[in-house]
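Everything on this sheet refers to the single structure shown next.
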2 protein chains.
Amino acid sequence: MRKIAESTVRRLSLYLRFLEDFERQGTETVSSEALATRGGTTSAQVRKDLSFFGSFGKRGFGYSVPELAGRLRDILGLERTYRIVVVGAGNIGAALAHFRGFEQHGFHVVSLYDCDPKKIGQKRNSIPIRDQRRLEADLAKELVDMAIVVTPAGAAQEIVDRLVKAGVKALLNFAPIQLRVPDDVIVKNVSLVLELEALSYGLRNR
Amino acid sequence: MRKIAESTVRRLSLYLRFLEDFERQGTETVSSEALATRGGTTSAQVRKDLSFFGSFGKRGFGYSVPELAGRLRDILGLERTYRIVVVGAGNIGAALAHFRGFEQHGFHVVSLYDCDPKKIGQKRNSIPIRDQRRLEADLAKELVDMAIVVTPAGAAQEIVDRLVKAGVKALLNFAPIQLRVPDDVIVKNVSLVLELEALSYGLRNR
DNA sequence: CTATGTGAATGATTTCACAGCT
DNA sequence: AGCTGTGAAATCATTCACATAG
């Protein structure tokens, strides 16, 4: 498959969110223009994004909402569910455990990991908090697809090395460091301070 | 000022993070190559990013760590602190209240807002939870610079309309909807499901 | 001699505009 | 008649490569 831009993939995910809304409200058909307006982009952009993967619409008509949603789920690899662990059961880790959006979209948080003996054995939203030292043993029994890293900065790289060694190929990193991983491991970073700094820049320069 | 790419601004913020590390460990001097390696980019990219704003290095030598950090803070508008409110005192809102990174970087969370009478009046990490209905009255007394929106999807647009009307010009949105705001209001979206879907796409296509 | 700063070249992404289906 | 799908054009971002300053 031809290399697809990160920005395109992110927009596809956004289009899928809109299609889910349309599905819920029973809308049958949608035009590229309608998706564009909703997502703050242009109809040409929507059509171009889709065209990398096939042609899913009917000319003069638009797209079938359920069909396009299905195609996007297929493209994004969402026809299956994913098993996830969250490493770090602090405030953010616990909040992630309670976040319903993950489950609703097929991302199943199977376990939290922490090193605080007071937390180990507890649950958050019925998800168990396990001893971080058991990570390798647990993953060897049943591998997970993705890990969310919400440890302090100092612990993140070591945890990630262990996750990678255990076979995890996709990471969502909240720690404020740039992780070093092999080429076949995908990392996405979430940095709230960085987002606020981008807002700060924006406020100042306009 | 010439229009600067979003991607450049985000990298500047990243460079600043690295410079803060260097400052802490007392490193005096850094090269574009060192910053590049750290951030997974190239030295040419680093120099180009900086060149949009001036020339801060010494040829044959590199950059003074404290000086470059200062310049970046200045460029990003971080020579001051910002007052922030968090709307929605659910799990994520509470986690944000406990997040030390905000305060450390000059983003001061002054208040949480919620509509649940059981939560109103409580505190999270000594930040008060106030009645959402008081938003306008409070902001009229003392305006905030930014708001973080962590309400359910259904409530987000209405809250944002009120924040905008009250004069807030910068929003960080966690709600899974595309917000409609006037042109002079900046919005950055954080969508964890979108990040996981991007990981899903990545896992499948390599 | 070393590492910056920067035009010029290359590469990537978005927009345009219209032919082609339905 | 209307909206998609798509090459071609335009714009935007990154990389190259080297003159220049310390």
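Fair warning: this is a prediction, and the values are worked out from it, not measured in the lab. Here is the naming used below: chain letters follow the sequence lines, and residue numbers restart at 1 for every chain.
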Between Ser7(A) and dT14(C), is there a side-chain N or O to OP1/OP2 distance below 4.0 Å? yes
Roughly, in whole Å, what's the span from CZ in Phe61(A) to P in dC21(C)? 19 Å
For the side chain of Arg47(B) and the base of dT4(C), is some donor closer than 3.5 Å to an acceptor across the two? no
5'-most contact on DNA chain C (nearest-nucleotide basis), Thr8(A) vs Ser32(B), goes to Ser32(B)
Under 3.5 Å, is there an N or O donor on one side and an acceptor on the other linking the side chain of Arg59(A) and the base of dT22(C)? no
In the structure I gave you, are the side-chain heavy atoms of Val87(A) and Ile148(A) within less than 4.5 Å of one another anywhere? no
Euclidean distance, atom NZ of residue Lys58(B) to atom P of dG22(D) [Å, nearest integer]: 9 Å
Lys48(A) NZ to dA9(D) P, straight-line distance once rounded to whole Å: 13 Å
Write down the distance between CD (Glu33(A)) and P (dA1(D)), rounded to a whole number of angstrom. 20 Å
Any heavy-atom pair between the side chains of Glu28(B) and Ser64(B) that's under 4.5 Å? no
Please work out if Ser43(A) contacts a base, only the sugar-phosphate, or nothing of the nucleic acid, heavy-atom cut-off 4.0 Å. nothing
Selected nucleotide, minimal atom distance to Ala44(A) side chain, candidates dT14(D), dA17(C), dA13(D): dA17(C)
Please tell me if Gln45(B) has a side-chain N or O lying less than 4.0 Å from either OP1 or OP2 of dA13(D). no
Establish, from distance only, whether the side-chain atoms of Tyr63(B) and Ser31(B) form a donor-acceptor pair under 3.5 Å. no
Could you state the CZ-P distance from Phe52(B) to dG7(C), rounded to the nearest angstrom? 11 Å
Cut-off 3.5 Å, no hydrogens considered: what does the side-chain donor-acceptor table look like for residues 46-54 of chain B, sequence neighbours left out?
| residue | atom | partner | partner atom | Å |
| --- | --- | --- | --- | --- |
| Arg47(B) | NH1 | Ser32(B) | OG | 3.2 |
| Arg47(B) | NH1 | Ser43(B) | OG | 3.3 |
| Asp49(B) | OD1 | Thr8(B) | OG1 | 3.3 |
| Asp49(B) | OD1 | Arg11(B) | NH2 | 2.9 |
| Asp49(B) | OD1 | Gln45(B) | NE2 | 3.2 |
| Asp49(B) | OD2 | Arg11(B) | NE | 2.7 |
| Asp49(B) | OD2 | Tyr15(B) | OH | 2.7 |
| Ser51(B) | OG | Lys48(B) | O | 2.7 |

Can you list every side chain to side chain donor-acceptor pair (under 3.5 Å) pair that touches residues 136-148 of chain A, not counting sequence neighbours? Arg80(A)-Asp145(A), Tyr113(A)-Asp138(A), Arg134(A)-Asp138(A), Glu136(A)-Arg162(A)
Expressed as a whole number of angstroms, how long is the span from Ile4(B):CD1 to dT14(D):P? 12 Å
Indicate whether OP1 or OP2 belonging to dC3(D) is found under 4.0 Å from a side-chain N or O atom of Ser31(A). no
Lys3(A) NZ - dA12(C) P separation (whole Å): 8 Å
Starting from C1' on dC3(D), measure out to OH on Tyr63(A) and report it in whole angstrom. 8 Å
